[in-house]
Amino acid sequence: MVMITYVEPNGGRQEIDVPEGWSLMQGAMSNGVDGMEAECGGSCACATCHCYIDEAALARIPPAADNEAAMLENVVAERRPNSRLACQVKATAALEGILVELPAAQS
Amino acid sequence: MGAPIVIVGAGQSGLQVAESLRSEGWEGGILLLGEEAVPPYHRPPLSKAYLAGKAEEAQLFIRSPEALAKKRIDFRPGSRVAALDIARQTLTLADGSQLDYEGLALATGARNRALPLPGAELDGVFGLRTLDDTRRIAEALAATEAVVVIGGGFIGLEFAAVAAAQGKRVTVLEAAERLMARAVPPALSDFYLALHRAHGVRVELGVSVAAVLGEQGRAHGVRCADGREFEAGLVVAGIGVLPNDELAAAAGIACDRGILVDACSRTSAPNVVASGDCTVTRLEDGSLRRLESVQAAVEQGKSAAAALLGRERPFSARPWFWSDQYEVKLQMAGLAAGADRSVLRGSQEAHAFSLFHYRGEQLLAVDSLNQPQVHMLARRMLDAGRSPTPAQAADSGFELNTVLATPAPAMSS
Ligand SMILES: Cc1cc2nc3c(=O)[nH]c(=O)nc-3n(C[C@H](O)[C@H](O)[C@H](O)COP(=O)(O)OP(=O)(O)OC[C@H]3O[C@@H](n4cnc5c(N)ncnc54)[C@H](O)[C@@H]3O)c2cc1C
Ligand code: FES
């Protein structure tokens with residue numbers, strides 16, 4: 001399990017144990033974290049699982065592939081340097097304890 | 001305590017109604033009744049990543065039962081609603097018990113159209129709609145080398161792609177003269193025909209299947225009306241779905257191949273809304289629109305919850321849809337019906353292109369293959385009523401996002 005702290009749009013925090021190998025999207029959705037829609041279920045087709053990853057952790061995870069980067073170009077909420085699609089980021093030991101922030105709008 | 005709002009059907013849409021009711025401030029009871037034995041799950045991966053073994057079953061569930069309980073959503077799996085009484089605001093479950101409701105949401109989805117053929121009842125013949133279907137298909141797929149897919153629509157072709165990638169001998173039999181004819185323009189049908197053939201899939205167009213052949217209760221092939229036979233240890237039928245509208249129709253709610261709703265998900269009955277695959281929407285011009293997509297299930301679900309709380313939240317966003325086959329991701333924005341010309345942007349050879357569909361100068365829809373950025377821009381352009389000219393769309397040097405750029409603010413910062 002990898003402990004992830006999700007920060008919901010209203011500022012609420014949820015500490016969640018995400019099984020290793022699950023995506024950050026699945027960890028949030030399964031536990032009912034607010035601020036994520038994940039319409040396509042992780043197919044990298046909808047861009048409604050936009051999140052902001054702990055700056056400090058960014059360097060420890062593989063960068064966005066081309067298709068994810070292209071989807072991020074047009075997310076509804078502000079695009080930041082630490083924007084990622086949560087369905088494309090897998091929970092690994094390297095992410096233990098990080099903060100993942102959800103934007104105010106997904107669609 | 002007053003009666004709860006009851007939601008019939010715990011799929012993507014029923015779940016959305018439940019969650020939106022909570023987030024919109026409904027403090028009363030919410031009862032989510034689902035016929036299936038499992039919590040709400042994502043159906044699209046059933047013919048894609050999950051079937052391909054790229055995701056485990058637990059990853060399909062949208063919310064855990066605990067997460068639903070935390071939102072005070074009373075989810076009851078294995079509960080089939082057998083009858084509605086609109087006048088008395090009660091419903092009857094399959095076990096005979098009765099429930100009162102304050103408001104009612106119907107999200108009963110759709111079911112596969114049955115194969116109207118001799119032999120359809122044999123072992124080894126499947127439709128692909130539920131998690132249960134997929135479990136059994138995956139098992140049968142592992143045990144056979146030859147597969148026949150009846151119907152060249154999205155689900156049949158996604159399944160064919162997964163089976164071909166596993167090295168199976170795959171035959172797709174389609175009655176129409178082109179693939180996915182109801183949903184995509186001819187140029188895309190041709191592209192996908194070539195794509196599947198390049199992966200070794202045998203695709204036969206314009207064929208009518210006469211029977212599933214079998215021995216001792218097990219399917220071993222299919223026979224076409226022209227006498228040709230194809231061997232198969234597994235037959236998957238993807239010949240479309242039928243909306244589950246019988247419950248509503250029997251209760252006197254207006255239906256027309258689906259439960260009739262307006263853009264706000266309201267039915268003909270007071271305090272009864274409907275959303276998702278079980279519905280057909282009457283548009284402002286009087287025409288009927290049936291969408292079978294996650295987006296519609298979610299958006300109509302949000303509208304349905306709002307309507308039960310006395311608010312109007314029409315589903316007005318342009319439809320969008322996607323399909324994964326091999327390494328090609330198709331993303332469609334808008335509806336191309338009624339288009340009189342289509343413009344190509346990008347390269348078909350490189351498997352990276354978009355088709356912009358116009359009626360006159362008005363952009364109606366954009367189909368993108370491996371062009372996620374164009375797809376996302378297209379959704380925004382269509383929602384905003386903006387459009388590149390056909391010449392601009394065709395010019396890959398033209399920056400599409402300039403179409404969306406708002407006029408510069410009057411004051412400098
Ligand atoms: C294999 C597959 C692949 C797909 N791929 C895509 C895709 O790539 N993109 C896309 O946008 N869409 C896709 N779809 C379509 C999408 O999944 C559906 O549009 C969506 O799931 C519809 O949701 P729904 O809640 O309206 O209906 P459903 O998901 O069908 O849910 C309805 C539920 O209601 C239950 N129910 C019915 N009657 C009763 C009753 N009387 N009492 C209690 N419960 C009842 C049913 O058991 C069912 O669980 C796909 C569908 C399938 C099957
Ligand atoms: S869930 Fe759709 S892009 Fe991540």
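So that the names make sense, note that chain A is the first sequence line, chain B the second, and so on, each numbered from 1. The figures that follow rest on heavy atoms only: side chains count, while hydrogens, waters and symmetry mates do not.
Considering every non-hydrogen atom in both A:Asn74 and B:Gln373, the closest pair reads ND2-O, 3.9 Å. Listed here is the closest heavy atom pair of B:Ala67 and A:Ser30: CB-O, 3.3 Å.
Looking at A:Ala38, only its backbone comes within 4.5 Å of chain B, counting heavy atoms on both sides. The part of B:Lys302 that comes within reach of chain A is its side chain, from C-beta onward, which places non-hydrogen atoms under 4.5 angstrom from that chain. Using a 4.5 Å cut-off between heavy atoms, A:Thr48 makes no contact with chain B at all. Only the side chain of A:Gln26 comes within less than 4.5 Å of a heavy atom in chain B; its backbone stays farther off. Only the side chain of B:Glu56 comes within less than 4.5 Å of a heavy atom in chain A; its backbone stays farther off. At a 4.5 Å heavy-atom cutoff, the contact between B:Arg379 and chain A is made by side-chain atoms alone. With a 4.5 angstrom heavy-atom cutoff, A:Glu68 does not touch chain B via any of its atoms. In this structure, chain A has heavy atoms under 4.5 Å from both the backbone and the side chain of B:Arg63.
Using a cut-off of 4.0 Å between Lys/Arg side-chain N and Asp/Glu carboxylate O, A:Asp34 and B:Lys71 are scored as salt-bridged.
Going from atom NZ of B:Lys329 over to atom CE of A:Met71 covers 8.0 Å, rounded to the nearest 0.5 Å. Rounding to the nearest 0.5 angstrom, the gap separating the CD atom in A:Glu39 from the CD1 atom in B:Ile62 is 10.5 Å. For the atom pair CD of B:Gln331 and OG of A:Ser43, the computed distance is 8.5 Å after rounding to the nearest 0.5 Å.
The side-chain heavy atoms of A:Cys46 and B:Trp322, taken from C-beta on, include no pair separated by under 4.5 Å.
Counting heavy-atom pairs closer than 4.5 Å to chain A, the top-ranked of the candidates B:Asp324, B:Leu377, B:Leu60 is B:Leu377. Between chain A and the residues B:Ser23, B:Pro65, B:Ala58, the largest count of heavy-atom pairs under 4.5 Å involves B:Ala58.
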